[in-house]
Each structure stands twice: as structure tokens, then as C-alpha cells.
Amino acid sequence: MSHKIHELVDKRWSPRAFSNKEIEPEKVQSLFEAASFAASCFNEQPWRFIYAVKEYPERYEQLLSCLVEFNKMWVKTAPMIILTLASKKFAQNQKENWHARHDLGLAIGNMSAQATGMGLYLHQMAGFHVEKAREMFEIPDQFDVVTMIAVGYLGDPAQLPDNIREMESGKRLRRPLNTILFDGDWEEMK
Ligand SMILES: Cc1cc2nc3c(=O)[nH]c(=O)nc-3n(C[C@H](O)[C@H](O)[C@H](O)COP(=O)(O)O)c2cc1C
């Protein structure tokens, strides 16, 4: 890293080894409260969340069952799973909300910062069966089913299968700033 960044941003990463320590109910609520304070286009707040903590095994197992096999292998130790949704239309006029997924991402960014501040970690996932989740939770067409998230405290990487454990300590690669930033024509990016 070549420039200083805030501790809440720096400390965030996506672990796969979670401790089975329960997340305090107050902290669960704080995660969603932080998400709800994100900016959104016309203050639409298009995000919705379906979640389960392990203390509610039926819903937890339902959410776990939506994941692809690779993700199931490590998510099963996480004490909480979230499914994220975004409304495709503005409630007020039913016009398409092009920025709904953008706004959901902002909400998850807030949730990540809140989690980091409370010693918790999120691991977001695209690897799940969208249609299975839609049917299981009877999600209306109006909502995009976007990601799933494992949440919890850090666990011991020794609990992971060999191939996944290696990923836990891998170098965090980032594109250099001079390859993502430009102040002129698109041509200058090349
Ligand atoms: C939208 C999204 C989908 C992701 N899907 C998966 C996934 O299905 N399985 C997985 O193990 N990690 C998944 N990740 C985690 C990324 O691989 C991870 O964020 C990236 O490698 C950067 O690492 P870091 O979050 O530790 O900085 C996903 C992350 C995002 C934001």
C-alpha cells in the first residue's frame, strides 16, 4: 500500500475461517442500522436483507443450502448469513431504479465499516443459486437477488480444508492506482 488509509478500511478483509462465537444481538442490529444509513438515489433505500443467525437453525440451513458447494465448505462455521436484495423500481413511480445495486453496495460498505469497528468480518459471495433463493424465500420479481454474506468473528484457519486455508494467508493484491485513475481521455488509460 503506498498511501495511508483509515483503519476501518485497512482492517477489513474477507476471511473464510470464522469462530463459532455468537454475534451479540445488539451488534446484529447495529450492522443493519449502519447499512440503512447509506446514501441512496432519491433516498429510495432499495436494499433488503434476509438473514439468519445459527440460533435459528431452520432459516440458517435454508440460507446455507443456497450456496455453491465451495462456499458451503467454509460458510458453515459462520454464525450469521445474509441474503441481499435490491428493488428494481422506485416505490413512488415504479420507474426503473438503475442505481439500486449501486446503493445496495453502499449499504454493504457501511455494514463492512460497522462490522470492522465491532471486531466482526463480512465475506460477500456471488457463489449461490439465485433462483433457489428466490423460490425458497418467495422473493417477488420486483427485487434483484444480489449477494450472500457470511458474518462473524475471526476463527482458526486450521479448521479449513487445506486448499482453502492457503487462500486465508494469500497476498492481498490490488491494481496500482495509476492503472485505475485517469484525468483525461479514455485513450490515456491504455
Ligand atoms: C460481490 C462479491 C462476490 C464475491 N463472491 C465470492 C464467493 O462466492 N466466494 C468467495 O470465497 N469469495 C467471494 N468474494 C470475496 C472476494 O474474493 C474478495 O473480496 C476479494 O478477493 C478481495 O479480498 P478482500 O475482501 O479480503 O480484500 C466476493 C466478493 C464480492 C464483493
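In listed order, ligands and their atoms are each counted from 1.
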Q.
If you scan the protein for heavy atoms around atom 16 (C) of ligand 1, do you find one that is closer than 4.0 Å?
A.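 Flag for atom 16 (C) of ligand 1 set to false, no protein heavy atom closer than 4.0 Å.
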Q: State whether any protein heavy atom lies less than 4.0 Å from atom 21 (O) of ligand 1.
A: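 There is no protein heavy atom less than 4.0 Å from atom 21 (O) of ligand 1.
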Where ligand 1 meets [X] - atom numbers and elements under 4.0 angstrom, heavy-atom basis:
| X | value |
| --- | --- |
| Gly127 | 8 (O) |
| Arg172 | 24 (P), 26 (O), 27 (O) |
| Arg16 | 10 (C), 11 (O), 12 (N) |
| Trp13 | 26 (O) |
| Arg174 | 22 (C), 24 (P), 27 (O) |
| Phe70 | 11 (O) |

For ligand 1, note which part of [X] has a heavy atom under 4.0 Å away: side chain, backbone, both or neither.
| X | answer |
| --- | --- |
| Met148 | neither |
| Phe128 | neither |
| Asn71 | side chain |

Looking at [X] and [Y], would you say the former's side chain and the latter's main chain have a donor-acceptor pair under 3.5 Å?
| X | Y | result |
| --- | --- | --- |
| Arg165 | Leu160 | yes |
| Asp103 | Cys41 | yes |
| Lys54 | Lys76 | yes |

Q: Verify the distance criterion only: is there a donor paired with an acceptor across the side chains of Gln45 and Asn43 at less than 3.5 Å?
A: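 The answer is yes; a qualifying pair exists.
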Heavy-atom nearest neighbour in the protein, as seen from [atom], with distance rounded to 0.1 Å:
| atom | value |
| --- | --- |
| atom 31 (C) of ligand 1 | Gln124 OE1, 3.8 Å |
| atom 1 (C) of ligand 1 | Thr147 CG2, 4.0 Å |
| atom 26 (O) of ligand 1 | Ser14 N, 2.9 Å |
| atom 3 (C) of ligand 1 | Ala126 N, 3.3 Å |

**Q.** Counterpart residues, side-chain hydrogen bond (donor to acceptor under 3.5 Å, both in side chains), relative to Glu61 (two or more places apart)
**A.**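 If we apply the side-chain hydrogen bond (donor to acceptor under 3.5 Å, both in side chains) test to Glu61, skipping adjacent residues, there are no hits.
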Q) Parallel, tilted or perpendicular: which describes the rings of Trp74 and Phe18, with under 30° parallel and over 60° perpendicular? A)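 The arrangement is parallel - the two ring planes meet at less than 30°.
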Q.
Restricting to non-hydrogen atoms, name the atom on Gly127 and the atom on Asn71 that form the minimum distance, rounded to 0.1 Å.
A.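 Residues Gly127 and Asn71, closest heavy atoms: O-ND2, 3.0 Å.
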Q | Ionic contact status for Glu131 with Arg134, cut-off 4.0 Å | A |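 Yes.
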Q: Any chance you could measure Met167, atom CE, to Asp162, atom CG, to the nearest 0.5 Å?
A: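 Reported value, rounded in 0.5 Å steps: 13.0 Å.
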Q. Is the centre of the Tyr153 ring less than 6.0 Å from the centre of the Tyr121 ring?
A.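 No, ring centres 6.0 Å or more apart.
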(Q) Contact between ligand 1 and His123 is defined here as a heavy atom of the residue under 4.0 Å from a ligand atom; is it met? (A)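 The answer is yes: ligand 1 sits under 4.0 Å from a heavy atom of His123.
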